[in-house]
Amino acid sequence: MHQDTPRSHREKPGVSARGIVLTALGVVIGSAGYYASWRYQTPIGTLGGIAGLALCVIGTSHGHDGAPHAG
């Protein structure tokens with residue numbers, strides 16, 4: 001793909017607090033859910049693990065939303 005303006009350096013996108021919180025919450029919920037699923041063989045633990053994984057994906061995808069962009 002062709003860019004209209006050459007860039008002398010790579011711009012790193014900033015990270016939003018919302019993305020960090022969602023990802024961290026996903027790790028905590030997912031870990032607890034999968035542990036409960038493994039330890040106690042409960043379907044609720046599996047659902048918690050899946051919900052945690054989903055939060056991680058959402059947090060990662062929205063992690064750069066709040067960052068200012070250099071124009």
Say whether, by atom type as modelled, one donor and one acceptor occur between the side chain of T23 and the main chain of G19 under 3.5 angstrom.
-> yes
State, to 0.1 Å, how close C56 and G26 come at their nearest heavy-atom pair, and which atoms those are.
-> SG-C, 3.5 Å
In short, G45 meets A36 closest at the heavy-atom pair CA-CB, 4.2 Å
Tell me, with the steps shown, if I29 and Y34 meet side chain to side chain contact (heavy atoms under 4.5 Å, CB included).
-> CA-CA 9 Å; I29 291 173; Y34 280 121; over 6 Å; no
For the hydrophobic clusters of this structure (ILVMFWY residues joined by side-chain heavy atoms under 4.5 Å, transitively), does one cluster hold both I50 and L55?
-> no
With a cut-off of 6.0 Å (strictly less than), are more than 12 heavy atoms of other residues, nucleotides or ligands near CD1 of I20?
-> yes
